[in-house]
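Below you'll find the structure, written out as structure tokens, and then a few comments.
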Amino acid sequence: MKLALNEIKPIEISRDEHIPKMSIDVTIQKFNNPINYRCRSVFESDPVDGISKICLEKEHVAEIKSTMKLVSKEFTKSRLPTNIYRRIRDIMYPLTDQLLPNNMLNMISELEEGDVIHIYSNENTIPWELLVLPDEDRLLTEKCFVIRKPVRNTAKLSTHSDSSENEVKYVVPVVGPRTRTSQRKIEKELNLLLSNRSRSTGKIDVKTAPSNRKYYSVDDLLKLKNVAYWDYFCHSEAIDNTGNTFCLRISDEDDGKVLIGTINRLIMNNSLVLLNACSSSVANLHYECSYNYCTQFYLKGASAVIGTIAPIRISAAERFNTIFNEAILLNNNSYGDAFLIARQHLLENDDPSWILYSFWGNYEKSLVPRQNDMVVCGL
């Protein structure tokens with residue numbers, strides 16, 4: 001099994017002379033709302049639109065929730081099963097059969113290894129990455145690069161531009177509690193990483209945390225402006241008995257809970273966001289929330305967001321974080337390439353957690369010098 005890393009081929013309709021072989025354009029009809037779930041194919045020789053619609057009813061959502069609980073259970077065992085890929089496929093088969101029409105599965109079967117599927121939808125319940133391709137007996141994420149792109153209101157996107165062109169960009173690592181690492185350790189690692197960075201790609205320094213505290217607070221994060229990169233390395237957790245409210249835990253203090261509402265007070269400014277926390281892209285399935293963190297960051301104005309669709313082991317999160325940051329900060333890889341490189345690293349080290357990472361937004365962008373940018377690793 002090998003992930004495609006070099007030629008990322010977007011599967012979407014193009015307005016120039018080159019027409020891609022196929023396009024998959026997805027929207028959702030949920031609870032009888034007038035939003036169609038459709039797939040559209042475009043062939044080079046004979047453009048044809050094929051519409052397929054499914055109503056995502058409440059029983060489907062309940063089935064998704066129970067299915068993802070089974071997936072989470074597999075990844076939270078003290079020792080991961082040696083046949084975990086087979087077990088995940090067996091768990092996901094019935095759900096795939098309920099959700100995806102045959103003609104959409106047929107379209108996906110036409111795609112080549114490493115092709116990109118864009119999911120244009122504001123419905124975040126379906127775990128697209130783990131849906132099964134029956135004829136190939138593998139998960140969708142094992143064949144294609146699945147990218148989610150919710151539709152957002154550009155009028156509500158946050159912007160900020162009060163820094164000078166020559167302003168130094170910063171990496172600000174913020175590490176949450178109980179992550180087996182420390183704030184100062186990450187700061188040292190990033191200092192070493194950035195010391196080898198090509199000066200031609202811009203001046204970037206590490207900005208250390210307040211010396212009188214072990215962790216950042218939410219108030220500290222809200223004061224940051226011109227953020228180019230938020231690197232959240234922390235835990236997500238329910239904060240009430242009902243499980244209806246959850247947070248990203250950045251410290252054990254009262255001001256150490258990043259809530260969904262907190263995101264609305266941040267300035268994204270086309271930021272890259274890595275949410276290296278359990279179930280950060282589908283936490284609504286586990287905690288009954290109407291939004292997840294990836295959706296909120298992207299709708300707020302993030303250029304790209306990376307999250308997880310199930311609980312992630314700390315060892316896997318550490319590996320992913322290290323390789324991803326090396327690709328982004330040292331080699332200036334595109335966000336999509338860095339994402340695939342970090343997943344490939346987990347795969348090559350026999351860690352099945354690579355299938356749990358999800359990507360939202362712009363995969364072609366890279367962290368190049370820009371006016372008004374600060375690079376922030378935040379939790």
Side-chain angles (χ1 to χ4, degrees), residues 61 65 68 72 122-125 148 150 152-153 156-160 172-179 183 209-210 213-227 229-312 314 317 321 356-358 360-361 374 376-379:
V61 176
K65 180 178 178 180
M68 291 307 295
S72 298
N122 281 27
E123 160 52 45
N124 305 298
T125 309
R148 309 194 199 196
R152 55 190 180 186
N153 185 346
K156 294 183 178 180
L157 300 184
S158 60
T159 58
H160 183 80
V172 184
V174 184
V175 181
R178 300 177 298 282
T179 56
Q183 178 72 35
R213 296 197 307 274
K214 290 181 63 176
Y215 305 105
Y216 276 90
S217 67
V218 169
D219 187 57
D220 293 327
L221 300 184
L222 294 176
K223 293 177 182 178
L224 297 174
K225 299 178 181 179
N226 306 318
V227 177
Y229 176 28
W230 300 84
D231 178 9
Y232 284 74
F233 188 77
C234 59
H235 292 285
S236 63
E237 60 183 46
I239 58 174
D240 65 8
N241 294 330
T242 65
N244 291 328
T245 307
F246 69 104
C247 70
L248 297 175
R249 173 65 73 175
I250 64 171
S251 81
D252 289 322
E253 304 300 325
D254 291 339
D255 193 19
K257 304 170 185 177
V258 177
L259 303 170
I260 289 291
T262 306
I263 300 171
N264 294 327
R265 299 159 61 195
L266 297 172
I267 297 175
M268 287 295 100
N269 198 37
N270 250 350
S271 308
L272 167 66
V273 182
L274 172 57
L275 298 176
N276 217 343
C278 290
S279 305
S280 56
S281 66
V282 289
N284 55 324
L285 295 181
H286 300 284
Y287 303 125
E288 303 287 354
C289 290
S290 57
Y291 296 98
N292 63 50
Y293 277 92
C294 288
T295 303
Q296 283 301 101
F297 273 106
Y298 185 74
L299 295 181
K300 181 63 176 175
S303 176
V305 187
I306 295 169
T308 62
I309 56 180
I312 196 81
I314 291 180
N321 217 75
L356 302 181
Y357 282 91
S358 60
W360 307 61
M374 176 191 288
V376 174
C377 294
L379 292 192

- Of D255, L259, D254, the residue whose pairing with V218 passes side chain to side chain contact (heavy atoms under 4.5 Å, CB included):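 Of the listed options, the one satisfying the test is D255.
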
- What pair of heavy atoms forms the shortest contact from Y293 to I260, and how long is it?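 Answer, listing the atom of Y293 first, then I260: OH-N, 3.5 Å.
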
- Looking at S236 and C278, what are the two nearest heavy atoms and their distance?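 Shortest heavy-atom contact: OG-O, 2.5 Å.
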
Any chance you could measure [X], atom [atom1], to [Y], atom [atom2], to the nearest 0.5 Å?
| X | Y | atom1 | atom2 | answer |
| --- | --- | --- | --- | --- |
| S280 | Q296 | OG | CD | 13.0 Å |
| D231 | L274 | CG | CG | 4.5 Å |
| I263 | L221 | CD1 | CG | 11.5 Å |
| W360 | N292 | CH2 | CG | 4.5 Å |
| T262 | I250 | OG1 | CD1 | 8.5 Å |

Between [Y] and [X], is there a side-chain heavy-atom distance shorter than 4.5 Å?
| X | Y | answer |
| --- | --- | --- |
| R148 | T295 | no |
| I314 | H235 | yes |
| L299 | P150 | yes |
| L266 | L222 | yes |

- Item | S251: side chain to side chain contact (heavy atoms under 4.5 Å, CB included) partners, not counting sequence neighbours |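 Once residues adjacent in sequence are excluded, the partners of S251 under the side chain to side chain contact (heavy atoms under 4.5 Å, CB included) criterion are Y215, E253.
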
- Query: What residues, two or more places apart in sequence or in another chain, satisfy side chain to side chain contact (heavy atoms under 4.5 Å, CB included) together with A317?
  - Reply: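 Residues passing side chain to side chain contact (heavy atoms under 4.5 Å, CB included) with A317: F233, N276, I312, Y357.
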
- Query: Is the backbone N or O of A277 less than 3.5 Å from a side-chain atom of T308, with the two atoms forming a donor-acceptor pair by type?
  - Reply: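 Checked: pair present.
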
- Task: List the steps, then state whether side chain to side chain contact (heavy atoms under 4.5 Å, CB included) holds for S281 with L275.
- Result: CA-CA 8 Å; S281 66; L275 298 176; over 6 Å; no

- Task: Evaluate the side chain to side chain contact (heavy atoms under 4.5 Å, CB included) criterion for residues C247 and V258: first the C-alpha distance (whole Å), next the side-chain angles of each, then the deciding distance (0.1 Å), finally the verdict.
- Result: CA-CA 5 Å; C247 70; V258 177; 5.8 Å; no

